[in-house]
2 protein chains.
Amino acid sequence: MGNKSVNLKALAAHLGLTVSTVSRALNDYPDISLATRKRVKAAADQLGYRPNQNARRLSIGTPETVCYLMPRQIGPNAQPFVAQLLAGLGEALNERNWDLLVSQADASVGDLASIERLVKSGRIAGLVISRPLKNDPRVKLMQSLGCPFVVHGRTEKSDDYAWYDVDGEDAFVTAVNHLARLGHRRIGFIGAPLQYQFAQERLDGYVRGLSHNGLDQDPALIQIAEFTDEGGTAAAGLLMDLDEPPTAIVCVTDMMALGTLEALHSRQIMPGRDVSVIGYDGLHFGKHAHPPLTTMAQPQAHAGRRLGDILLSIIDGAAPTKFQELQRANLVQRSTDGPVTTSTSTGQTHVSEREESR
Amino acid sequence: MGNKSVNLKALAAHLGLTVSTVSRALNDYPDISLATRKRVKAAADQLGYRPNQNARRLSIGTPETVCYLMPRQIGPNAQPFVAQLLAGLGEALNERNWDLLVSQADASVGDLASIERLVKSGRIAGLVISRPLKNDPRVKLMQSLGCPFVVHGRTEKSDDYAWYDVDGEDAFVTAVNHLARLGHRRIGFIGAPLQYQFAQERLDGYVRGLSHNGLDQDPALIQIAEFTDEGGTAAAGLLMDLDEPPTAIVCVTDMMALGTLEALHSRQIMPGRDVSVIGYDGLHFGKHAHPPLTTMAQPQAHAGRRLGDILLSIIDGAAPTKFQELQRANLVQRSTDGPVTTSTSTGQTHVSEREESR
DNA sequence: TTGCCTTCCGAAATCGGTTTCGGTTAGCGT
DNA sequence: ACGCTAACCGAAACCGATTTCGGAAGGCAA
């Protein structure tokens with residue numbers, strides 16, 4: 001406590017050298033004799049010397065820090081993958097001893113102002129933006145600020161910056177194909193507000209999937225709601241109360257799919273037998289739903305790691321447009337998908353269970 | 001892009017003043033005339049000037065940053081509350097314009113070394129430690145470093161530092177009481193490795209609950225496993241394979257409880273009717289389990305916020321021991337608890353469902 | 001007019017590093 | 001003995017802010 005942590009000056013005094021010599025010794029300058037370098041390093045970690053990062057970064061001119069912008073909606077159903085993402089990011093940054101800052105926009109200041117302050121104050125060398133809107137002002141801001149960034153997801157027009165995304169459109173085509181193959185012809189869609197690009201993509205996939213299978217599109221079968229379980233329940237309720245309810249439902253989120261299951265149960269409808277449900281995300285929790293939720297799983301184990309590597313590459317000078325990575329989601333069949341049943345016969349529940357790919 | 005962000009010198013030149021005057025004007029020193037102050041501020045935000053934080057912090061001598069230490073185990077079943085916690089922390093820090101760093105120990109360096117480097121390099125003014133071990137070397141390290149910190153949870157001996165925790169022992173007494181009141185006399189316990197203090201506390205609560213209800217303690221009814229759903233499944237399997245299996249099971253984690261439900265289902269045992277199960281955490285997801293999981297819910301909506309406020313207070317000079325806050329968990333009855341059934345009669349499923357407190 | 005006290009601002013030190021530039025010393029060849 | 005080149009280290013500028021100290025200008029009383 002009493003001993004202020006040793007700094008360069010103290011270390012230099014201890015060694016009978018000047019700060020400049022010590023600094024260069026520690027940084028392996030070739031014009032310092034190997035003997036001195038060794039001596040200095042030994043003394044350094046004997047005294048527990050750690051260079052002050054604020055001073056160092058001020059001097060070398062880079063903050064050696066990147067920032068992850070937390071998604072806004074953090075409620076009781078917080079996104080579990082935030083932790084995974086941060087872990088991956090941290091891993092990439094650790095290799096360089098860079099720091100990871102997380103920031104949520106100060107409510108009193110606003111998103112854009114927060115970001116602008118962050119980069120102009122020289123605190124960060126790069127930024128990770130997640131869950132962008134169709135036309136997200138944050139990417140334009142970052143571009144005009146000339147600050148490296150990478151987006152987790154995409155915007156509507158995504159040709160001139162770096163992003164890492166999972167192909168939601170393709171995933172929904174796959175889901176609809178799967179359901180069509182099982183005989184379903186009335187397939188409902190439960191979506192999120194279309195200001196989010198991911199919501200639009202998945203809707204596009206749904207539509208494309210329908211036409212690809214020669215099914216016609218009924219506007220009544222498309223329900224938009226907040227992407228929470230309650231939102232899913234409400235939307236599913238509307239769908240099932242139609243005169244001609246769907247025999248299958250695809251949901252843009254596992255959370256909404258869970259809500260959908262809830263709505264079905266409260267109507268004594270058995271998911272996977274009477275009505276099929278497919279979610280999206282591949283949340284581990286889906287395994288424990290009733291019945292276990294079939295879903296389009298994102299391969300997001302390494303998303304954070306990739307985002308980190310991409311961002312660092314851009315900071316190093318690579319062209320952002322070189323990094324536009326589209327991953328594919330894959331169908332994880334659990335038990336909420338099944339063949340269409342013509343009547344409400346008490347058919348056999350579909351129980352095929354495969355484990356998701358780790 | 002081309003324009004390097006304006007710094008004090010540039011701003012001063014623009015105004016025809018010196019940097020010292022401009023700096024003091026921006027910081028509302030009284031020895032600068034009000035007129036000049038206004039003029040300077042106007043010019044500052046017209047030019048979009050933001051003080052370089054590295055320089056500023058070096059000068060004022062505090063990093064204005066606190067760090068959250070990520071828990072290690074971040075797998076497919078990542079902790080959803082990490083995001084919530086970070087949100088709360090960020091909120092507290094935003095009020096002062098402080099930064100939030102997240103760090104996971106560099107695998108190649110080790111936990112303690114990472115921490116030591118972090119504080120000695122002057123990057124952080126305080127630290128949040130989560131999920132401590134019984135005898136966690138990190139708290140001793142922080143104490144010897146003289147760096148403010150707060151623990152989310154407690155260690156075995158927790159009298160000389162600041163912490164915020166939920167009373168796991170009390171919670172398990174409550175859970176056992178509840179089950180005993182329902183007539184259960186053989187109650188199993190599925191726990192986590194006892195190196196974690198939370199695991200020990202909850203075991204203590206279980207034991208105390210038993211004796212409080214005059215039940216005797218059978219070592220065979222205590223199973224320890226990793227706190228994942230698979231761990232829960234394995235442990236529950238062992239319990240149910242006993243000659244005299246329990247009629248109720250308490251689990252230290254909702255995740256383990258979900259695994260337990262799995263084990264019961266695979267044995268054609270109906271949770272809540274044949275065997276009661278109570279989890280711990282109050283995860284939102286539990287609502288969608290089959291059947292919905294009864295659990296001891298932590299009031300963790302504001303944990304992050306409180307941790308942040310506590311840490312800031314300590315950094316401001318308050319005595320750490322003033323902050324030792326114990327919250328209570330409360331029973332959220334969903335559908336996996338029910339009265340004991342003497343035989344394997346097909347009794348009525350317990351369906352009381354109350355919603356958790358928001 | 002002189003002296004003194006405010007009011008306002010500039011010069012310079014400081015935080016703790018990095019990096020450029022220049023100066024000693026030693027070694028070597030001739 | 002002389003000159004030249006490496007090898008090694010010190011002095012000082014710099015990064016961009018904050019803060020102490022002191023000085024100039026103006027106002028007021030005597």
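Sequence lines set the chain letters: A, B, ... in the order given, protein chains first and strands last, and positions in each chain run from 1.
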Among pairs that include at least one residue of residues 122-156 of chain B, which meet ring-ring contact (aromatic ring centres under 6.0 Å, His included), considering only residues two or more places apart or in two chains?
-> Phe149(B)-Tyr161(B)

Sequence-distant partners of Asn27(A), side-chain hydrogen bond (donor to acceptor under 3.5 Å, both in side chains), two or more places apart = none

Just jot down the side-chain hydrogen bond (donor to acceptor under 3.5 Å, both in side chains) partners of Thr321(A), sequence neighbours excluded, or say none.
-> none

Can you list every salt bridge (Lys or Arg N to Asp or Glu O under 4.0 Å) pair that touches residues 102-112 of chain B, not counting sequence neighbours?
-> none

What residue pairs, at least two apart or across chains, pass salt bridge (Lys or Arg N to Asp or Glu O under 4.0 Å) with a residue in residues 298-313 of chain A?
-> Glu91(A)-Arg305(A), Glu95(A)-Arg305(A), Arg305(A)-Asp309(A), Arg306(A)-Glu325(A)

What is the distance, rounded to the nearest whole Å, between atom [atom1] of [X] and atom [atom2] of [N]?
X         : N       : atom1 : atom2 : value
Arg39(A)  : dC8(D)  : CZ    : C1'   : 13 Å
Lys120(A) : dG16(D) : NZ    : P     : 15 Å
Glu64(B)  : dT18(D) : CD    : P     : 10 Å
Tyr29(A)  : dG17(C) : OH    : C1'   : 11 Å
Leu34(B)  : dC9(C)  : CG    : P     : 11 Å
Lys9(A)   : dT14(C) : NZ    : P     : 8 Å

Which value, rounded to the nearest 0.5 Å, describes the distance between Glu64(B) atom CD and Asp99(B) atom CG?
-> 8.0 Å

Angle of first-five versus last-five pair axes in the helix from dT1(C)-dA30(D) to dT30(C)-dA1(D), to 10 degrees | 60°

Taking side chain to side chain contact (heavy atoms under 4.5 Å, CB included) as the test, write out the residues that go with Val19(A), two or more places apart.
-> Leu8(A), Lys9(A), Ala12(A)

Side chain to side chain contact (heavy atoms under 4.5 Å, CB included) partners of Leu133(A), counting only residues at least two apart = Asp136(A), Gln195(A), Tyr196(A)

Answer yes or no: is there a donor N or O on one side and an acceptor on the other, between the side chain of Ser121(B) and the main chain of Arg117(B), under 3.5 Å?
-> yes

Would you say the side-chain atoms of Gln104(A) pair up with the backbone N or O of Pro71(A), donor to acceptor, closer than 3.5 Å?
-> no

Detail all sub-3.5 Å separations between protein N/O atoms and N/O atoms belonging to nucleotides 4-7 of chain C.
none

Among residues 20-28 of chain A, which residues get a heavy atom nearer than 4.0 Å to DNA chain C?
-> Ser20(A), Ser23(A), Arg24(A), Asn27(A)

Nearest-nucleotide 5' precedence on DNA chain C, Ile60(B) against Thr18(B) | Thr18(B)

Counting any heavy atom closer than 4.0 Å, what does Leu8(B) reach on the DNA or RNA strands: base, sugar-phosphate only, or nothing?
-> base

Do Ser23(A) and Ser20(A) meet the criterion of a side-chain donor-acceptor pair at a distance under 3.5 Å?
-> no

Within 6.0 Å of NZ in Lys140(A), more than 12 heavy atoms from elsewhere = yes

Numerically ordered, the residues 44-59 of chain A set in heavy-atom contact under 4.0 Å with DNA chain D is Leu58(A), Ser59(A)

Listed partners of Asp45(A) passing salt bridge (Lys or Arg N to Asp or Glu O under 4.0 Å), at least two apart | none

